[in-house]
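We use all heavy atoms of the structure for the numbers below, so side chains are in, but hydrogens, waters and symmetry mates are not. Please read these numbers as outputs of a predicted model, since none were measured by experiment.
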Amino acid sequence: MSTVLKIEGDMDAAAMEHLRPKIEAVAAEGEDVVVDMGRVRFIDSSGIGGIVYMYKRLKSEGLLLSLSNLSGQPDRILRHMRVHDLLAQAGQ
């Protein structure tokens, strides 16, 4: 079973301050996590850092992180930064 974390809006430094407690709570549940990014239109280094942090946190517990509904700028940036290579892609 997986926990789904839906993110809406930009994943920038300001948004990550509000998302960090949600990331911690989801990571503490002890289940694989699917991040639904269908409503994310912009991501910067803070957002990428949040994803990598969650990946490392889950991996240390033997759990998986996957992303779903990626498109546009977030998809391009995560591919360019090779974050896709670390993560499973939900639904593929």
Side-chain angles (χ1 to χ4, degrees):
M1 187 166 202
S2 295
T3 299
V4 176
L5 174 61
K6 290 187 178 195
I7 299 177
E8 296 187 18
D10 295 342
M11 286 184 72
D12 57 12
M16 290 312 296
E17 284 188 43
H18 299 294
L19 280 173
R20 201 164 310 278
K22 289 181 185 177
I23 289 171
E24 279 296 324
V26 168
E29 290 182 17
E31 296 182 353
D32 294 340
V33 176
V34 176
V35 179
D36 182 345
M37 298 190 54
R39 297 175 69 84
V40 176
R41 299 295 169 237
F42 175 81
I43 189 168
D44 68 7
S45 60
S46 296
I48 293 167
I51 290 170
V52 171
Y53 169 78
M54 189 182 311
Y55 163 77
K56 287 181 177 181
R57 178 92 160 42
L58 292 169
K59 184 178 179 186
S60 73
E61 297 177 27
L63 301 170
L64 299 174
L65 174 65
S66 59
L67 305 177
S68 68
N69 301 316
L70 271 168
S71 64
Q73 187 264 2
D75 185 44
R76 288 189 306 275
I77 293 293
L78 291 171
R79 284 183 190 280
H80 179 74
M81 299 297 296
R82 301 186 62 117
V83 174
H84 278 262
D85 295 348
L86 294 175
L87 310 175
Q89 299 303 303
Q92 293 185 359

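When each of Ile77, Asp75, Ile43, Val40 is paired with Leu70, the side chain to side chain contact (heavy atoms under 4.5 Å, CB included) condition holds for Asp75 and for no other.
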Practice prompt. Given side chain to side chain contact (heavy atoms under 4.5 Å, CB included), test Asp32 with Leu58 step by step and report yes or no.
Written response: CA-CA 7 Å; Asp32 294 340; Leu58 292 169; over 6 Å; no
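Qualifying side-chain hydrogen bond (donor to acceptor under 3.5 Å, both in side chains) partners for Asp36, counting only residues two or more places apart in sequence or in other chains: Asn69. When the side-chain hydrogen bond (donor to acceptor under 3.5 Å, both in side chains) test is applied to Thr3, the partners found at least two apart in sequence or on another chain are Glu29, Glu31.
Summarising the geometry of Ala27 relative to Glu61, their closest heavy-atom pair is O-OE1, 3.9 Å, with the distance given to 0.1 Å.
You'll find the side chain of Met16 reaches within 4.5 Å of the side chain of Met11, heavy atoms only. Val35 is not listed as a side-chain neighbour of Ile51, based on a closest heavy-atom distance of 4.5 Å or more.
A distance of 10.5 Å separates OH in Tyr55 from OG in Ser60, rounded to the nearest 0.5 Å. Expressed to the nearest 0.5 Å, how far CD1 of Ile23 lies from CD1 of Ile7 amounts to 6.0 Å.
Among pairs with a residue in residues 7-28, those fulfilling salt bridge (charged side-chain N to carboxylate O under 4.0 Å, His left out) read Glu8-Arg39, Glu24-Arg57, at least two apart in sequence or across chains.
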